[in-house]
Structure formats: C-alpha cells, structure tokens
Amino acid sequence: MGTASRYWRLVRIDGTGGCKVEAIASLTAFFRQEFPEVAGGGEVQDALIQRRLLDLLKIEGNNSLMAEGCLRCFISNQIEQVCVQLEEQFGREHGFTRYDLFSFVLDDVDVAIPHQQGNSRQGAYKSLATEILQTFNVERGSLSTWATQLTKHHQELNGFLLERGVYLISDWAILNDTTPKQVQRIFSEFHHLTTVEIQQACILLGSYHLVYRRDRLKLRQTGGGGKCQPPTDRQLEQIAQYLVAKLGQELRGNLDLSTEYILTRLQDMAGKLRQYRIYVRCGTAQIDSIDDPEIRRQAENNPSPKSDSDQSEEQEEFLTFYQAAFLESLDLSLDRVISDRVTNLQRKKPPTDRQFLEALHLFHCQGKAMGEIAAKIGFQAQYQVTRLLKLKEFRADVRQKMLYMLRDRILNQAKIYVDPERLQSLDSQVEIALDEKISEVIQEATDEASNPNRSSKSRFAQRLCKQLKKFGF
C-alpha cells in the first residue's frame, strides 16, 4: 500500500540546494478523475495504480503525458526516501546529509503536463526518473523496487559515497563474486600478506564458494533466492570440514576451526577486499561495511524499501556485481596494456618508456596537444608523439583484454542464478552485450581524444589517470 498524493506531488531540489515538494494541480485533477475510488488521497494499491498509468502511457495524447507525470512524481518520492535512508544509515559517521545526495539524483526538472509544449521525450537530457521509468518492466517487480535499485546504483551517487568510504554491498556478496585468483593478487600486491596467509585465505574462499554457492543455487532452483545472507552455523561447519580436508597439517597448524572463528575470518577477508574495491575506485582505503553490527542495527530501525520479489533482489545483487566487475576489468586491462608497452619500450635503444608514460599523462590527464607534448618530452615533432602513443592501437588492446576478462567474470557469476543449459545459450549473448558496453567506453574515449578542448572526463581517461599514479604520474 502507498499514499495517493505521491502521484501528484513532485520532489525536486530548489535553487539553494534544498528540497521542495510541489503539488501539481493538473496531475491532482487527472489522478482523481482516473481513480475516483481513491480521490480522497488516502492509501492506494500501488501495483494496480501503476499498471493503469503504464497502460495510459502507451496512448498518445494528454492522458499519456499526465500518466507519465504521475509516475515521475511517484519516482521522485521514492528517490527521496532512498537518500533519507542512506543519510540515516551512514551520514553522521561519514559526514554527509540527504541534501548532498539529492543533488545527484533529484534531477527531474520537466514533468510533462498538458499546457507545457516541451516534455522529457523531446529533449536530449534524461533525468534519473526518466531512466527509471523507461527501463521499468512491470512483470519483474514493483516500480518502487526498481527506483530504489537504480538510485542506489547511480554512478555519481556511488562515486560520492565511495569517496566517503561507503560501499553499498554486503560482505557475503563481496565474497560470493570474488575468485581465489583475485584474492591471491589483491592480498599479495595490495595488502602484502605472507605466502601462508594468502594460501589460507584462498582455500577458505574456495571452501566458502563450495558451500555457499551450492546452497544459493539450490535455493534459487526451488523458487527462493534474494540477497546474500550471512552463512548459517551449518554452512560454517561444512566450510570448516572442507578446510580440514584441503589445508593439510602444514597450513592448518593450530588454527581454530570453530564456527565463530570461521565467521570472523570470512568477515576479515571481506573487509580487506572491500578496502581494495574502494581504493581502486576512489584512491582511499577508508571503509565502512553495511554488515557492521551498528549499521545493521540502524538499518533494522530505519529499513530500506523492501523488494517485492526475490528476482528483484537478485537483479540488484547482480547489478552491483556487474558494475564493480566492469570498473575493475577496465582498471586491470589498462594496467596490463600500460605495463606491456612500458616493457617493450624499455628494450628499445634508447628506451622511451618514460616519455611514453609522460606523454600519456599529458594527453589524457592534462589535455595537452601533441605539439605541446613533443616539446615537453624532448621530441622534435608531434608526429613522433603520435607514433609513440599509438592511441588507436592502445585503446584496441584495452578493449580486447577487457572483453575477455569481463566476459569470464560475468559468466562465472551467472552460474549462481542460471542453470547450466541456459548458461550455454547465454554465452554468445553475454559477449555481444558486453562488447557493446565496452565499445561505448572506448568510443567515448575516442571522441574525447579527437576534441582539441579535452576535459578528460571520460571513464577511460579517469581510470587511466588513476593507473598512471602507479608509475609516478
């Protein structure tokens, strides 16, 4: 059940960065005409109301515009709720308020009403509310759930939260979508743990996957699912049994294999992985976990909007995984391509690896022209810089590595949600879909590179500049 007034009261930010609620008279009249049974503005059944409005949306004319306006008002109220709940859960500890968040997501400025000539469908600008409405599928869940998911996964909002050490994913979801190979690399290169500690962590994660993923797959096959929950005592006991068999006496030593200890080790591992994910996204290792007991207590007292179906919760979980995997794959691909280029250029006589790195930084991070770069790195002409950078080839190499890397991760994660036969049929579809998304990033970088007044705002340039810091730039 919901409140009828949400369909004609638009929540938006004002000129001072505050928040105001505007009751739109024409939408009020339209809603009361279409739904006279709830004309008093009391509680309504949102699913029925939204289906009717979506049907009207398909018909050209004023009724379509009015239906769109009602739905976008509803979405604006939902976006506001998400921001309020994020403030209540994390704001005091991490120094932000709901008003800081509003500026990223409450961006709907043109609710369509009949006496206005323009509407959202005619302009190039697309607000978050419009995106939510255009991508909503009524057969897969409620509009409130979909609005909550897309708001929490808004790129700029997540970037803001990450800068303050808030990463909106549970410990168990992090462990569920991390491979032992990744743990080995992260714990070695980022956390600098000992060989024995890394081996123990990889075996622990492998044991966790055997038990946890198996049970999640069984649950989903019987119609269950949902968000990743903490492992049960029985699952922890089974993980301990696998550890006994896999570690061997030399690695096991005097380790405590009680359920309490296993749980603590898993949470510690997830915490380290969380630090790494936050670091690669915003360059800081300050962390906060939504599994923290105090935050869980606050979340229970101030719950987020509930998902109306397990499918919607799994979509949210998978979307979170996908966004994290996409950025990490881009970072790793950039790192490997840069490292390969540096290695090859170090072999030349004379070596030109430092000129390459400096030129890459000047071009992508400072927006310098090729002629200006040539003078700064000691070259005679700009064509020499072009030959050194080989930007088209550089982007193609990143694209290819990213495609293979991300495809494997997505298909591996999909095993949790899709049966093996269905997964085989999805293989080519996944690769095509990923190729399109990666191509968007590469094309964005290509367009930016051809602009003499570059702003270095493309995702490619931003992630590249972060990678160059490892090389001293």
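Computed from a prediction, not measured in an experiment: that's the story for all the values here. Numbers for residues simply follow the sequence, beginning at 1.
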Engineer: Can you name the closest pair of heavy atoms from L157 and T151 and give their distance?
Structural biologist: CD2-O, 3.1 Å
Engineer: So does A445 get a backbone contact from the side chain of S458, meaning a donor-acceptor N/O pair under 3.5 Å?
Structural biologist: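 Absent.
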Engineer: When you check the side-chain N and O atoms of S144 and S142, is any donor under 3.5 Å from an acceptor?
Structural biologist: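 There is such a pair (donor and acceptor under 3.5 Å, judged by atom type) between the side chains of S144 and S142.
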Engineer: Counting distance only, does the side-chain N/O of D335 pair as donor-acceptor with the main-chain N or O of Q467 below 3.5 Å?
Structural biologist: no
Engineer: Pick out which of L150, T148, L101 makes a side-chain contact (heavy atoms from CB on, under 4.5 Å) with V82.
Structural biologist: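 Passing option: T148.
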Engineer: Has the side chain of R213 got a donor or acceptor atom that lies under 3.5 Å from a matching backbone atom of N176?
Structural biologist: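 Confirmed, R213 side chain pairs with N176 backbone.
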Engineer: Under 3.5 Å, is there a donor-acceptor pair between the side chain of D171 and the main chain of L266?
Structural biologist: no
Engineer: How about CD on Q182, more than 12 heavy atoms from neighbouring residues, nucleotides or ligands closer than 6.0 Å, or not?
Structural biologist: yes
Engineer: Roughly how far apart are R6 CZ and Q78 CD, rounded to 0.5 Å?
Structural biologist: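 With rounding to 0.5 Å, CZ (R6) is 6.5 Å from CD (Q78).
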Engineer: For the backbone of R336 and the side chain of S339, can you confirm whether one donor and one acceptor N or O come within less than 3.5 Å of each other?
Structural biologist: no
Engineer: Got a second to check how far C70's SG is from E34's CD, nearest 0.5 Å?
Structural biologist: 9.0 Å
Engineer: Take atom CZ of R234 as the centre, draw a 6.0 Å sphere, and report whether it contains more than 12 heavy atoms from other residues, nucleotides or ligands.
Structural biologist: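 Count not over threshold, so no.
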Engineer: Please tell me if the side chains of I132 and L143 come closer than 4.5 Å, counting only heavy atoms from C-beta onward.
Structural biologist: yes
Engineer: Please report the interatomic distance NZ(K466) to NZ(K469), rounded to the nearest 0.5 Å.
Structural biologist: 5.0 Å
Engineer: Show, in sequence, the C-alpha distance, side-chain angles and deciding distance for F104 and L128, and conclude whether the side chain to side chain contact (heavy atoms under 4.5 Å, CB included) test is met.
Structural biologist: CA-CA 9 Å; F104 297 109; L128 174 60; over 6 Å; no
Engineer: Under a 4.5 Å cut-off applied to non-hydrogen side-chain atoms, are F471 and I338 in contact?
Structural biologist: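 Contact flag for F471/I338 side chains = yes.
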Engineer: Using side chain to side chain contact (heavy atoms under 4.5 Å, CB included), reason through V183 and L204 one step at a time and then give a plain yes or no.
Structural biologist: CA-CA 11 Å; V183 166; L204 174 59; over 6 Å; no
Engineer: Backbone N or O of L468 within a donor-acceptor pair of the H361 side chain at under 3.5 Å?
Structural biologist: no
Engineer: Is there a side-chain contact between L330 and I438 in this structure, where contact means two heavy atoms from C-beta onward sitting under 4.5 Å apart?
Structural biologist: no
Engineer: For the residue pair F102 and Y99, categorise the inter-ring angle as parallel (less than 30°), tilted (30 to 60°) or perpendicular (more than 60°).
Structural biologist: perpendicular
Engineer: State, to 0.1 Å, how close S333 and M405 come at their nearest heavy-atom pair, and which atoms those are.
Structural biologist: OG-CE, 3.7 Å
Engineer: Do H191 and E197 have side chains that get closer than 4.5 Å, going by heavy atoms?
Structural biologist: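 No; the side chains remain at least 4.5 Å from each other.
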Engineer: So K58 and D55, do their side chains get closer than 4.5 Å, heavy atoms only?
Structural biologist: yes
Engineer: Do T259 and L263 make a side-chain contact, defined as non-hydrogen atoms from C-beta onward lying under 4.5 Å apart?
Structural biologist: no
Engineer: Just wondering, do F136 and I75 contact through their side chains at under 4.5 Å, heavy atoms?
Structural biologist: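 Of all side-chain heavy-atom pairs linking F136 with I75, none is under 4.5 Å.
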Engineer: If I take atom CG from residue D107 and atom CZ from residue R12, how far apart are they, to the nearest 0.5 angstrom?
Structural biologist: 11.0 Å
Engineer: Could you pull out the closest heavy-atom pair between C202 and P180, with the gap in Å?
Structural biologist: SG-O, 3.3 Å
Engineer: For atom CZ of R92, decide whether the heavy atoms of other residues, nucleotides or ligands shown that lie under 6.0 angstrom number more than 12.
Structural biologist: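 Check fails, neighbour count at 12 or below.
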Engineer: Could you check whether any side-chain heavy atom of N77 comes within less than 4.5 Å of a side-chain heavy atom of T3, counting everything from C-beta outward?
Structural biologist: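 Not in contact.
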Engineer: Could you walk me through whether L161 and F96 pass the side chain to side chain contact (heavy atoms under 4.5 Å, CB included) test, one step at a time?
Structural biologist: CA-CA 9 Å; L161 292 173; F96 66 86; 3.7 Å; yes
Engineer: With rounding to the nearest 0.5 angstrom, report the CZ to NZ distance, F190 to K272.
Structural biologist: 11.0 Å
Engineer: After noting the C-alpha distance and the side-chain angles of L65 and F30, does the key distance pass the side chain to side chain contact (heavy atoms under 4.5 Å, CB included) rule?
Structural biologist: CA-CA 11 Å; L65 295 177; F30 166 77; over 6 Å; no
Engineer: Could you state the interatomic distance from CD (Q85) to CD (E87), rounded to the nearest 0.5 Å?
Structural biologist: 11.0 Å
Engineer: Got a donor-acceptor contact below 3.5 angstrom from the T178 side chain to the L175 backbone?
Structural biologist: no
Engineer: Looking at every heavy atom in both L106 and V11, which two are closest together, and how far apart are they?
Structural biologist: CD2-O, 3.5 Å
Engineer: Restricting to non-hydrogen atoms, name the atom on R98 and the atom on C83 that form the minimum distance, rounded to 0.1 Å.
Structural biologist: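 Minimum heavy-atom contact is CB-O, 3.9 Å.
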Engineer: Specify the closest pair of heavy atoms between A240 and I262, including all atoms of both residues, with the distance to one decimal.
Structural biologist: CB-CG1, 4.3 Å
Engineer: Hydrogens and angles aside, do R185 and Y276 bring a side-chain donor and acceptor to less than 3.5 Å of each other?
Structural biologist: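 Looking only at side-chain atoms, Y276 and R185 do form a donor-acceptor pair, the distance falling under 3.5 Å.
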Engineer: Evaluate the ring planes of Y7 and F74, with Trp represented by its six-membered ring, and classify them as parallel (under 30°), tilted (30 to 60°) or perpendicular (over 60°).
Structural biologist: parallel
